[in-house]
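Scroll down for the structure; my scribbles are underneath it.
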Amino acid sequence: PERDNLTATQPEVAPRRHEAVAILFCDIVGFTAYCDQHPPETVVSHLQAFVEAVETVVDDAGMEKIKTIGDAFMATSGLLRPVDTPLLTAVGCGLQMARTTSEIEPYWDVRVGVHYGPIVAGIVGKRQYQFDVWGDTVNIAARLVQHAPPGSVAMTHAAWQEIQDDCQARSIGVTEIKGKGEIELFECYALRNSE
């Protein structure tokens, strides 16, 4: 039947391990409270503007959007498009996201978490399938976003050490990260050679 034809069109993409990919998560500060205080049409209109703005930032940085989950936006650096420094590119992209979203209505603050390392990428599902990424690198980046001060990028001490010559950052302390124990986190607030 016709329904079977829909599933037959799923693209064949073999899952692959990639050794050096930066994962970025960005989410809106106070989004749940904002939703409670505004009509759905306004929420969706502003969320659409937010997503379009960060999609442009991601594309301009040479990165790839993976998906949105509510008000969270997920992207990768060094996965589908080659970049010289995936981690530094992702951090710069996160800082640009913060600047961009603070300039468009309703002037949201965002938090960004970035991590770098190996991931697995592929497509799962038969209906509404999508390309996605998995692994410890993804899990850590998703948890870091919760610890980022608004307008900055949170990363582990190990990630910061990789780019410390190019990144202005400060320690935000040792924090319990689910499944990883206590890790010192850094807040990147600027790139050294940015305008």
Side-chain angles (χ1 to χ4, degrees), residues 10-11 13 18 21-83 86-116 119-125 127-135 137-155 159 187-191 194:
Q10 177 182 349
V13 177
H18 301 264
V21 175
I23 303 292
L24 176 151
F25 279 90
C26 172
D27 74 10
I28 299 167
V29 176
F31 185 72
T32 301
Y34 172 86
C35 289
D36 292 342
Q37 298 164 4
H38 294 82
E41 298 82 8
T42 302
V43 171
V44 171
S45 173
H46 285 158
L47 192 57
Q48 179 68 27
F50 163 80
V51 170
E52 288 178 10
V54 294
E55 282 176 339
T56 299
V57 171
V58 163
D59 194 51
D60 289 349
M63 293 177 54
E64 309 87 19
K65 172 186 175 181
I66 299 299
K67 61 185 170 183
T68 56
I69 310 147
D71 68 310
F73 187 97
M74 180 185 183
T76 60
S77 177
L79 177 61
L80 302 175
R81 296 161 72 179
V83 294
L87 178 57
L88 188 61
T89 297
V91 170
C93 181
L95 293 171
Q96 184 60 46
M97 285 176 167
R99 286 190 294 272
T100 298
T101 58
S102 71
E103 295 170 355
I104 59 172
E105 195 177 352
Y107 314 108
W108 278 319
D109 283 325
V110 296
R111 303 179 200 277
V112 178
V114 169
H115 198 55
Y116 180 69
I119 58 103
V120 173
I123 294 176
V124 295
R127 290 181 173 69
Q128 296 180 331
Y129 52 83
Q130 67 179 11
F131 181 76
D132 208 347
V133 294
W134 305 273
T137 302
V138 178
N139 295 337
I140 292 172
R143 291 179 179 126
L144 291 177
V145 74
Q146 303 162 12
H147 300 284
S152 69
V153 178
M155 66 185 94
E187 164 198 6
C188 176
Y189 52 88
L191 299 184
S194 61

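Note that the coordinates shown come from a computational prediction; the quantities given were computed from them, not determined experimentally. The figures here come from the full heavy-atom set of this structure, side chains too, leaving out hydrogens, waters and symmetry mates.
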## Note on the structure
Tightest non-hydrogen contact, residues I104 and A53, listed as CD1-CB, 3.7 Å
### Query
How close do T137 and V21 get, heavy atom to heavy atom, and via which atoms?
CG2-O, 4.0 Å
### Close side-chain approach of T101 to I28, heavy-atom, < 4.5 Å
no
### Summary
Closest heavy-atom pair, V112 versus G94, reported as atoms and distance to 0.1 Å, is CG2-O, 3.8 Å
### Message
Please identify which of these residues, V57, D27, V58, meets the side-chain contact (heavy atoms from CB on, under 4.5 Å) condition with F73.
### Response
V58
#### Entry: Closest non-hydrogen atom pair between V133 and A121, with its separation
CG1-CB, 3.9 Å
#### Entry: Minimum side-chain heavy-atom gap V54-K65 below 4.5 Å
no
### Query
Between H46 and Y34, what is the ring plane arrangement, given parallel below 30°, perpendicular above 60°, and tilted in between?
tilted
### Query
CG/L24 to OG/S77 distance, rounded to the nearest 0.5 angstrom?
9.0 Å
## Note on the structure
d(I140 CD1, I23 CD1) to nearest 0.5 Å is 11.0 Å
### Query
D71 versus F50: any side-chain heavy-atom pair under 4.5 Å?
no
### Task
For D59 and R81, run side chain to side chain contact (heavy atoms under 4.5 Å, CB included): C-alpha distance rounded to whole Å, both residues' side-chain angles, the deciding distance at 0.1 Å, then the answer.
CA-CA 10 Å; D59 194 51; R81 296 161 72 179; 2.9 Å; yes
#### Entry: A90 versus A22, closest heavy-atom pair with distance
CB-CB, 3.7 Å
### Task
Could you grab the distance from atom CG of L144 to atom CZ of R111, nearest 0.5 Å is fine?
13.0 Å
### Query
Measuring from L80:CG to E64:CD, what's the distance to the nearest 0.5 Å?
4.5 Å
### Query
Which atom names give the shortest non-hydrogen contact between L95 and S152, and what distance separates them?
CD2-CA, 4.3 Å
### Query
Quick one: does T100's side chain have a donor or acceptor within less than 3.5 Å of a partner on Q96's backbone?
yes
### Task
Output the distance between atom OG1 (T76) and atom CG (D132), rounded to the nearest 0.5 Å.
10.5 Å
### Summary
Separation between CD (Q48) and OG1 (T68), nearest 0.5 Å, reads 9.5 Å
### Query
Checking D109 side chain against P150 main chain: does a donor-acceptor pair fall under 3.5 Å?
no
### Task
Would you check if F131 and I66 make a side-chain contact, meaning some heavy-atom pair closer than 4.5 Å?
yes
